[in-house]
There are 2 protein chains.
Amino acid sequence: MSKKTDRRNQLIDIIRAKNGASIKELANLLDVSEMTIRRDLAVLEEDNIVNNVYGAAIYNPDKKYDSIDNYEISTAQTKQDSEKNKIGAFAASLIEPRDIIVIDTGTTTENLAKHIDDTIEATALCYNANILNYLRAKENLTIFIAGGRYHTKTQMVESAEGISLINSMRFTKAFISAAGVHQNLGVTCAYAYEVPTKKAILKSSVEKILLLDSSKFGKVKTAYFADLSDFDVIITDDSLPTEWREEIERLQIKLYLV
Amino acid sequence: MSKKTDRRNQLIDIIRAKNGASIKELANLLDVSEMTIRRDLAVLEEDNIVNNVYGAAIYNPDKKYDSIDNYEISTAQTKQDSEKNKIGAFAASLIEPRDIIVIDTGTTTENLAKHIDDTIEATALCYNANILNYLRAKENLTIFIAGGRYHTKTQMVESAEGISLINSMRFTKAFISAAGVHQNLGVTCAYAYEVPTKKAILKSSVEKILLLDSSKFGKVKTAYFADLSDFDVIITDDSLPTEWREEIERLQIKLYLV
DNA sequence: TAAAAAATGTTATAATAACAACAAAATAAC
DNA sequence: GTTATTTTGTTGTTATTATAACATTTTTTA
């Protein structure tokens with residue numbers, strides 16, 4: 001194992017044991033410069049192992065990382081996570097002051113919520129409890145939540161009344177996620193209950209932005225909610241096959257590869 | 001004094017949930033200045049609940065398996081908070097299997113949510129982000145949230161569509177909080193935007209249960225939403241003056257003193 | 001082994017947080 | 001109610017951390 005990986009495993013061990021640690025402390029413990037610690041922590045944050053704040057790193061409380069004992073193994077498992085993270089971060093950078101955005105349910109859009117500028121003045125509607133919790137921390141964000149039945153598996157909230165609220169609003173940007181994109185069978189998601197809400201936000205938004213990692217292309221899931229041509233922008237990672245790049249270009253959709 | 005303790009309990013809850021948090025984030029979440037957060041965190045560090053680093057507080061890992069769910073118990077501070085906690089715990093004990101309950105916004109009802117049996121099979125509607133987070137942890141609870149605009153100060157969510165959702169449902173028990181109860185001027189709350197929602201849940205529920213600590217009796221706040229006679233049950237603490245006990249008996253309302 | 005590449009360290013500057021001291025507001029006491 | 005006390009907020013200053021750009025060291029590879 002490389003010196004670098006070894007050090008990152010040590011970092012994870014220390015941070016996990018203490019719930020979090022300052023960068024200064026970590027640099028002293030591992031006898032490297034603070035700059036090196038910062039660079040390591042940026043990688044660990046990409047992989048959702050820690051959350052970095054000014055001066056310190058906090059161990060990600062998410063249970064699924066509780067028993068990591070080898071970082072190299074864990075990186076393989078979380079590669080897709082880090083792509084979702086990058087896609088989310090890029091999408092967040094598209095948000096401009098006074099935007100009225102709607103954020104779809106999903107882990108990719110959760111990463112978007114996480115990365116929204118802390119001080120940007122904007123309005124955001126969501127319908128996912130995790131996303132709501134990220135949005136609540138933002139200083140100048142006006143928040144709406146479309147209510148309804150809460151689904152434990154997806155943290156999504158959904159109802160006819162929630163859709164009414166969406167229909168009564170207008171958005172400058174819709175950030176939408178999907179579980180599959182197929183050339184003939186369109187854009188799909190995993191659960192039928194998501195469909196009416198997704199259709200509603202598509203109808204009420206100026207710019208429709210699709211967020212999904214490249215592994216979703218060519219896949220089909222149970223619930224159809226849109227065609228690829230319904231979107232104005234697609235954000236995905238650079239592993240996207242050439243044929244899909246061409247198809248997206250043909251449909252005159254703006255494509256961002258992060 | 002109670003406000004302070006209350007805020008510190010909230011701080012502990014947030015920091016525990018996230019393993020740690022930046023001071024900026026905490027100040028935004030609780031809508032107080034960073035200076036206040038720093039002063040609170042200094043106290044919590046004294047009590048070994050958190051470790052403070054530059055820019056952030058990290059939850060003390062030694063406390064991980066302690067079940068202090070109320071800071072004031074560990075420091076023997078003000079009464080009002082522990083009363084709210086007791087009232088909430090008692091109210092939670094009234095919930096029976098297959099109940100369909102609605103939980104109003106407020107710190108007392110937040111305590112109720114905290115104390116709901118982890119495995120009880122029931123349905124609950126709420127419209128407060130903190131309460132939602134407590135309910136999400138319950139295994140067999142079916143959860144609804146009435147959506148709308150999120151209010152930072154109270155963590156309440158509210159809208160016409162949220163009220164529509166409430167009107168479309170029926171509840172076996174409504175747990176309602178208030179900021180004031182006056183013999184002539186009725187039951188009041190602090191913000192006008194709470195009123196339509198409170199009226200809606202009163203209309204849709206079989207049993208209407210009022211939760212409030214005894215200091216609220218005799219008080220009047222800006223927004224009127226009900227008369228005392230609209231309630232079937234009152235849960236408060238045993239400091240309730242005799243004249244109020246008599247009044248409640250006269251109105252044939254079931255009174256629980258905890 | 002030398003050259004190339006990668007990783008780490010250093011420095012100066014910019015950004016952010018801490019702190020102290022005082023002002024304002026809220027609460028308690030009379 | 002009014003005054004005293006406590007709590008919270010604000011401001012200016014100081015201390016600390018982040019970042020970028022470049023230098024140095026270490027590791028790879030031919």
Side-chain angles (χ1 to χ4, degrees), chain A residues 1-11 15 20-46 50-58 71-72 75 89 93 115 117-120 137-140, chain B residues 1-11 15 20-47 50-58 71-72 75-81 83-84 107 152-154 179-180 190-191 213-216 218-222 239:
Chain A
M1 200 185 298
S2 76
K3 215 164 103 179
K4 193 173 61 174
T5 316
D6 201 40
R7 187 184 58 238
R8 289 179 186 168
N9 278 319
Q10 282 185 68
L11 277 175
I15 296 166
S22 73
I23 286 167
K24 190 173 236 172
E25 183 181 7
L26 293 167
N28 288 336
L29 281 168
L30 300 189
D31 201 31
V32 292
S33 71
E34 293 183 16
M35 201 60 228
T36 298
I37 298 292
R38 285 196 189 95
R39 289 191 262 241
D40 284 341
L41 290 177
V43 175
L44 298 185
E45 185 171 50
E46 278 282 288
V50 302
N51 296 316
N52 291 329
V53 297
Y54 198 98
I58 293 160
Y71 179 59
E72 260 175 351
T75 45
S93 75
H115 285 99
D117 185 295
D118 277 325
T119 57
I120 201 163
K138 312 293 175 183
E139 209 164 345
N140 299 315
Chain B
M1 205 147 58
S2 162
K3 216 165 96 180
K4 193 172 62 176
T5 316
D6 197 42
R7 188 185 56 238
R8 287 176 188 169
N9 277 320
Q10 284 186 65
L11 278 175
I15 296 166
S22 73
I23 286 167
K24 190 174 232 171
E25 183 181 8
L26 293 168
N28 287 337
L29 278 170
L30 300 190
D31 203 30
V32 294
S33 72
E34 295 185 7
M35 203 61 223
T36 298
I37 298 293
R38 284 195 190 96
R39 289 190 265 240
D40 284 340
L41 290 177
V43 175
L44 298 185
E45 186 169 50
E46 279 281 292
D47 293 338
V50 301
N51 296 315
N52 291 329
V53 297
Y54 198 97
I58 292 161
Y71 174 60
E72 148 280 321
T75 54
Q77 295 232 338
T78 35
K79 269 189 179 156
Q80 207 156 338
D81 244 29
E83 275 154 9
K84 284 181 179 179
T107 47
T152 309
K153 236 188 204 121
T154 55
Y191 301 95
D213 65 83
S214 61
S215 72
K216 308 283 172 62
K219 295 272 165 64
V220 176
K221 295 283 166 172
T222 48
S239 310

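These values consider heavy atoms only, across backbone and side chains, with no hydrogens, waters or symmetry-generated copies.
Nearest approach of B/K221 to B/G180, heavy atoms of both residues: CG-N, 4.3 Å. Considering all non-hydrogen atoms of both residues, A/A21 and B/I58 come closest at N-CD1, 3.5 Å.
In terms of the side-chain contact (heavy atoms from CB on, under 4.5 Å) criterion, residue partners of A/N140 (sequence neighbours excluded) are, by chain and number, A/T119, A/E121. Looking at residues two or more places apart in sequence or on another chain, you find a salt bridge (Lys or Arg N to Asp or Glu O under 4.0 Å) between A/K138 and A/D118. Every residue was checked against the salt bridge (Lys or Arg N to Asp or Glu O under 4.0 Å) condition with A/E45, not counting sequence neighbours, and none meets it. A/S22 is linked by a side-chain hydrogen bond (donor to acceptor under 3.5 Å, both in side chains) to nothing, counting only residues two or more places apart in sequence or in another chain.
Atoms CG (B/D40) and C1' (D/dT6) sit 14 Å apart, rounded to a whole Å. One can place CD1 of B/I37 at 14 Å from C1' of D/dT7, the figure rounded to the nearest angstrom.
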Exercise. Report the C-alpha distance between A/I37 and A/L41 in whole Å, list the side-chain angles of each, state the deciding distance to 0.1 Å, and finish with yes or no for side chain to side chain contact (heavy atoms under 4.5 Å, CB included).
Key: CA-CA 6 Å; A/I37 298 292; A/L41 290 177; 3.7 Å; yes
Exercise. Evaluate side chain to side chain contact (heavy atoms under 4.5 Å, CB included) for B/K24 paired with A/Y54, printing each intermediate quantity in order.
Key: CA-CA 10 Å; B/K24 190 174 232 171; A/Y54 198 98; over 6 Å; no
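Where the helix from C/dT1-D/dA30 to C/dC30-D/dG1 starts and where it ends, the local axes point in directions that differ by 50°; five pairs per end, rounded to 10°.
Checking the phosphate oxygens (OP1, OP2) of D/dG9, a side-chain nitrogen or oxygen of B/S33 falls inside 4.0 Å.
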Quiz item: When every nucleotide of nucleotides 17-24 of chain C is labelled 5' to 3' by its protein contacts under 4.0 Å (heavy atoms), B for base, S for sugar-phosphate only, - for none, what sequence of letters results?
Solution: BB-B----
